[in-house]
Amino acid sequence: MIEMINKTTFAYSPFFLNNEAGFNNYTDSLKIIEKRLTDFFKENNQPYSGKKPHEIEARLNELSLGSIKGETLEGVAAELAEFVINDSINVHSPTCIGHLHCPTLIPAVAAEMIISTLNQSMDSWDQSSTATFIEERLIDWLCTQVGFSDKADGIFTSGGTQSNYMGLLLARDAYCKRVWDIDVQQHGLPTEAKKLRILCSEAAHFTVRKSAAQLGLGEQAVITVKTDSNHRLSIDELNRQLMILEEQDLLPFAVVATCGTTDFGSIDPLHELSAAALENGLWLHVDAAYGGAMILSRDFKELINGIEQADSITVDFHKLFYQPISCGAFLVSDRNSFQYIQHHADYLNPQEDEEEGMVHLVNKSIQTTRRFDALKLWMSLKVVGLDTFAEMIDYTCHLAREVAAKINKAEGFSVLNKNPELNAVVFRYNPEGKSDQLVNLLNKQIQQELLKSGRAFLAKTRFDGQVYLKMTLLNPMTKLEHIEEIIDEIRVLGEMFKMMEE
Ligand SMILES: *Cc1c(COP(=O)(O)O)cnc(C)c1O
């Protein structure tokens with residue numbers, strides 16, 4: 001048996017061998033992939049090929065999933081280019097302006113190579129000897145940038161969903177400890193927990209509701225507060241809701257402020273919210289998945305003043321920090337808050353290690369095995385530089401203001417957020433004297449046709465029951481001319497569909 005094991009060689013070794021053949025396999029493979037990707041970008045500056053979902057599905061169903069003998073990477077790459085790469089959404093296109101879905105920075109893409117090649121795991125120090133400290137340094141930097149004190153701490157996450165969940169989890173458990181002296185981690189929720197309530201604006205992200213459901217409170221625990229004319233949480237409405245909750249003998253424990261709502265990019269009044277949170281003993285979680293990037297801005301940094309008064313903060317890097325998916329962070333103003341998710345496992349992060357000063361980041365995460373995503377942010381900040389980051393982000397915010405003004409002046413259009421705070425513009429083609437029903441249909445058809453022609457990818461959304469189009473102007477390579485062309489195209493399509501419907 002030993003004999004046989006020693007003699008075994010594989011037809012193909014896909015591993016890093018410490019020899020010439022291993023190194024060549026690595027570099028040759030990368031070259032093949034690079035060529036396929038650069039060919040795609042050379043031929044495509046449009047957001048999409050225009051294929052319908054069922055066409056894509058039918059094509060992909062023909063692809064074999066595996067191979068008995070193995071195929072060459074070159075052959076597989078050619079097949080993938082034809083079937084996968086060429087019909088992907090091109091996030092680098094300057095007219096791919098639908099969702100909060102960004103083009104990626106080249107240094108961050110290069111960092112992804114390091115991340116997956118070194119494959120460090122962030123749960124315990126002995127799986128991420130240097131990576132642990134890079135992540136810690138970046139968390140410290142972020143805490144300073146948002147204006148937290150040196151008691152603050154944080155962790156990289158898979159994104160806003162996870163960060164929002166963590167914020168509400170810690171808020172819930174801190175409340176149960178403080179008010180009822182109950183350790184939820186050990187004993188679960190008390191029956192009184194049925195009365196717990198979370199407040200957020202009606203424009204808050206749906207993951208607030210999802211988190212409440214997963215935290216055993218039910219979506220019923222989320223009380224939505226009306227927004228003002230700028231789509232920001234209304235403090236008067238918040239106070240009214242708090243009074244109603246008190247009358248009903250219900251127990252608000254957290255308020256979520258959105259710093260950059262998904263549709264409008266609007267920012268809730270952070271100072272007033274933190275005052276209200278303090279007065280009512282609420283945990284203030286700031287969902288800055290989108291607006292957190294303003295820490296890098298020069299012209300718009302003051303928009304997020306007040307964020308430093310949060311108990312916890314969500315920031316996404318795979319949005320306005322231009323990082324490959326996934327990359328986000330969760331920050332707390334007091335590192336002791338992480339006690340509610342600590343668990344010591346003998347094999348991974350035993351208590352004695354901590355006493356000896358060993359750093360195991362699993363203590364601060366709800367994930368165990370975790371990617372070294374901090375590296376790509378670090379490489380981006382260094383290679384791009386803070387000056388260029390500020391210029392790029394500021395450019396997109398200035399562009400959005402310009403675009404909103406332009407569309408607002410254009411005949412047959414209306415803009416919902418005439419003064420965008422970040423860089424999203426919500427509007428619709430709205431020819432005079434037409435019913436809402438027809439206008440809704442026209443805008444839906446326009447959105448689909450733009451994508452089908454491959455010319456532009458805009459998102460569609462609903463506000464007050466009506467259909468709107470949305471431009472999320474994250475890409476600093478998007479120029480005003482691109483937008484003017486899209487507006488002209490929308491008008492032509494709108495006229496055409498209008499005649500077809502009438
Ligand atoms: C995108 C977004 C989220 C969700 O974050 P993911 O990274 O997609 O998990 C939460 N809140 C806001 C405001 C967002 O824009």
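The first residue of the sequence shown is numbered 1, and numbering continues consecutively from there. As a basis for the values below, the full set of heavy atoms in this structure was taken, side chains included, without hydrogen atoms, waters or symmetry mates. We count ligands from 1, going down the list as the structure has it; atoms in each ligand are counted the same way.
The shortest N or O to N or O distance between His318 and ligand 1 is below 3.5 Å. Not a single N or O atom of Gly260, backbone or side chain, sits closer than 3.5 Å to an N or O atom of ligand 1. Here's the thing with Thr258: none of its N/O atoms is less than 3.5 angstrom from an N/O atom of ligand 1.
For atom 2 (C) of ligand 1, the nearest protein heavy atom (residue, atom name, distance) is Lys319 NZ, 2.3 Å. For atom 4 (C) of ligand 1, the closest non-hydrogen atom on the protein side is His205 CE1, 3.5 Å. Nearest non-hydrogen protein atom to atom 6 (P) of ligand 1 is Gly160 N, 3.3 Å.
Taking every heavy atom of Asp287 and a limit of under 4.0 angstrom, the matching atoms of ligand 1 come to 10 (C), 11 (N), 12 (C), 13 (C). Every atom of ligand 1 is numbered from 1 in the order shown, and the set under 4.0 Å from a heavy atom of Ala289 is 2 (C), 11 (N), 12 (C), 14 (C). With ligand atoms numbered from 1 in the order given, ligand 1 contributes 7 (O), 9 (O) to contacts under 4.0 Å with heavy atoms of Gly159. Below 4.0 Å from some heavy atom of Thr262 lie the following atoms of ligand 1, by number and element: 12 (C), 13 (C), 14 (C), 15 (O).
A salt bridge does not link Glu57 with Lys52: none of the charged nitrogens is closer than 4.0 Å to a carboxylate oxygen.
No donor-acceptor distance shorter than 3.5 angstrom exists from the side chain of Asn280 to the backbone of Leu282, with no hydrogens or angles considered. Although no hydrogens or angles enter the test, the distance criterion places no donor-acceptor pair under 3.5 Å between the side chain of Glu489 and the main chain of Arg455. Ser121 places no side-chain N or O within 3.5 Å of a backbone atom of Thr369 that could act as its donor or acceptor partner.
Each side-chain hydrogen bond (donor to acceptor under 3.5 Å, both in side chains) pair with one or both residues in residues 193-206, not counting sequence neighbours, appears once here: Lys195-Asp249, Glu202-Thr227, His205-Thr207.
With a 4.0 Å cut-off on non-hydrogen atoms, Thr161 touches ligand 1 through its backbone as well as its side chain. In Gln162, neither the side chain nor the backbone holds a heavy atom less than 4.0 Å from any atom of ligand 1. Within the 4.0 Å heavy-atom criterion, the part of Asn164 lying near ligand 1 is the side chain and not the backbone. Contacts between Leu100 and ligand 1 below 4.0 angstrom, taking non-hydrogen atoms only, involve the side chain exclusively.
Aromatic ring centroids of Tyr468 and Phe427 lie 6.0 Å or more apart. Phe40 and His92 have their aromatic ring centers separated by at least 6.0 angstrom.
Ring pair Phe457/His99 is perpendicular by interplanar angle, where above 60° counts as perpendicular and below 30° as parallel.
Other residues, nucleotides and ligands contribute at most 12 non-hydrogen atoms within 6.0 Å of the NZ atom of Lys151.
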